[in-house]
Amino acid sequence: MTIRELTADDLPAAWQLGRLTFGSDPQPAAAPAGRTSYGALDPAGTLVGKAVDLHDEQWWTGRAVPAADVAGVAIAPEARGTGIARALLRALLRGAHERGAAVSTLFATTSGPYRALGWDVTGHLRTLDLPTTALPRHRPAPHLVVRAGTPADLPATVDLYRRVAAHRNGLLTRTHPRFAAGDELPYDGLTLVEHDGTLVGYAGWNRGRGYGPDAVLTVEDALATTADAARALIGVLASWHSVTPTVRLTPLTGDAISAHLPLERASEHERDTWMHRPVDIVRAVEARGWPAHVRGQVTFSLTDELADWNTGTWQLTVADGQAQLRRSSSDTDLHLTVRGFARLYTATATARTLAEAGLLQHRTPDPGALDLLAAGPPAQALDSF
């Protein structure tokens with residue numbers, strides 16, 4: 001079995017393998033820049049497995065952290081269960097490490113194989129359906145202007161996204177080429193809310209078909225930086241009640257929009273599980289921002305079978321909004337798995353819960369010193385891939 005980067009000549013076979021695996025459209029789409037594709041070829045030169053490293057960046061408390069977001073993992077049915085996925089993802093991690101990536105996220109159709117390789121479940125991207133009649137019919141505040149957007153307004157929406165996302169953890173910076181704005185709107189409609197000429201909220205939506213009981217207004221993106229802007233956007237969505245009984249959207253947990261939605265009336269349309277792991281734990285710690293009020297130091301050991309540069313004993317020091325991770329020769333009673341590191345780094349577990357799950361071994365009565373690695377808000381995802 002040969003594992004290597006795929007070339008342009010390999011792309012038709014890679015597309016066909018992905019189409020058969022995921023049941024996608026038989027017409028191939030052009031692959032955007034900013035990615036590295038890896039393939040597994042059998043002795044006859046037939047492509048039997050593939051995986052893609054998207055060269056993304058993620059926001060972590062105000063800093064853009066280079067990421068290797070994994071997409072399109074596909075194995076031919078006759079080759080499944082033979083270790084090809086492990087070999088592909090080992091190669092992907094090594095290549096990502098060499099190009100400077102720090103963390104990795106993927107959306108999993110099944111979590112078990114990825115857990116065996118060091119990724120762990122760190123959240124769910126939930127798409128919700130809400131009865132349009134349940135939405136509050138707010139009138140825009142007098143100081144706001146609500147208008148339809150045009151392609152010329154897209155740079156302002158990019159800037160507003162940055163204002164909402166940058167201080168959170170885990171959200172994509174959306175600077176990857178696949179997010180580049182074109183000459184047309186990427187939605188059927190774009191609703192803007194402005195205050196003194198500055199964009200404070202927007203919603204991009206697709207109308208869908210029909211106006212009967214099954215009609216759905218799909219909100220692809222909706223963000224606001226003020227409560228008044230959020231209420232104004234929700235009021236516009238509520239105005240569709242006579243022709244689209246359902247509004248479908250993916251809210252960002254705890255943001256201005258979610259704070260004014262009747263989420264108790266929502267039903268789950270779709271749930272996508274996302275998983276996280278470090279590519280390079282030193283970069284993951286030192287490239288991100290940390291809460292300015294957090295200070296401390298802890299020593300732990302870690303074993304990473306796929307990325308051996310992460311294996312060893314480490315001392316973490318956090319102070320003044322930044323952190324350092326240095327190799328240590330000290331003894332430690334805290335022995336962390338790479339999955340445990342991922343759960344702490346994303347603030348989706350504590351040291352004690354990791355110990356209960358078998359992802360942290362300790363001899364001390366209380367392993368809570370490792371909660372230093374979990375400082376900050378829990379990571380979130382808003383874009384699937």
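In this chain, residues are counted from 1 in sequence order. Here the structure is a predicted model, which is why all the values come from computation and not from measurement.
- Salt bridge absent: D159 and R162 never bring a charged side-chain N and a carboxylate O closer than 4.0 Å.
- For R288, there are no side chain to side chain donor-acceptor pair (under 3.5 Å) partners at least two apart in sequence or on another chain.
- Among residues two or more places apart in sequence or in another chain, the side chain to side chain donor-acceptor pair (under 3.5 Å) test is passed with E305 by none.
- In terms of the side chain to side chain contact (heavy atoms under 4.5 Å, CB included) criterion, residue partners of V216 (sequence neighbours excluded) are, by chain and number, T218, T246, R248.
- Hydrophobic clustering places L344 together with L372 (ILVMFWY residues linked when any side-chain heavy atoms are closer than 4.5 Å, directly or through intermediates).
- For T337, the side chain to side chain contact (heavy atoms under 4.5 Å, CB included) partners at least two apart in sequence or on another chain are R339, L359.
- Taking 4.0 Å as the cut-off between side-chain N and carboxylate O, R209 and D214 do not count as a salt-bridged pair.
- In this view, S239 satisfies the side chain to side chain donor-acceptor pair (under 3.5 Å) rule with no residue, not counting sequence neighbours.
- Qualifying side chain to side chain contact (heavy atoms under 4.5 Å, CB included) partners for F22, counting only residues two or more places apart in sequence or in other chains: A74.
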For side-chain hydrogen bond (donor to acceptor under 3.5 Å, both in side chains), just list the numbers for T346 and H276, CA-CA rounded to whole Å, side-chain angles, deciding distance to a tenth of an Å, and then say yes or no. CA-CA 8 Å; T346 57; H276 181 93; over 6 Å; no
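- Within the structure, side-chain hydrogen bond (donor to acceptor under 3.5 Å, both in side chains) contacts touching residues 66-89 (residues at least two apart or in different chains) are Q58-D69.
- One finds no salt bridge joining D331 and R363 here, because no Lys/Arg side-chain nitrogen approaches an Asp/Glu carboxylate oxygen to under 4.0 Å.
- Among residues at least two apart or in separate chains, side-chain hydrogen bond (donor to acceptor under 3.5 Å, both in side chains) pairs with a member in residues 195-205 are T191-W205, Y202-D221.
- Residues W60 and Y345 bring their aromatic ring centres within 6.0 Å.
- Residues meeting the ring pair (Phe, Tyr, Trp, His ring centres under 6.0 Å) test with H97, sequence neighbours left out: W309.
- In this structure, D53 pairs ionically with R99, as a charged nitrogen and a carboxylate oxygen lie closer than 4.0 Å.
- Of the charged side-chain nitrogens involved, at least one lies within less than 4.0 Å of a carboxylate oxygen, so that D304 and R277 count as a salt-bridged pair.
- For residues 376-385, the side-chain hydrogen bond (donor to acceptor under 3.5 Å, both in side chains) pairs, not counting sequence neighbours, are R174-D383.
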side-chain hydrogen bond (donor to acceptor under 3.5 Å, both in side chains) between H241 and T133, worked out: CA-CA 6 Å; H241 67 93; T133 54; over 6 Å; no
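- Under the rule for a side chain to side chain donor-acceptor pair (under 3.5 Å), R327 has no partner lying at least two apart in sequence or in another chain.
- By the side chain to side chain contact (heavy atoms under 4.5 Å, CB included) test, A319 is found to be paired with R295, residues two or more places apart in sequence or in another chain being considered.
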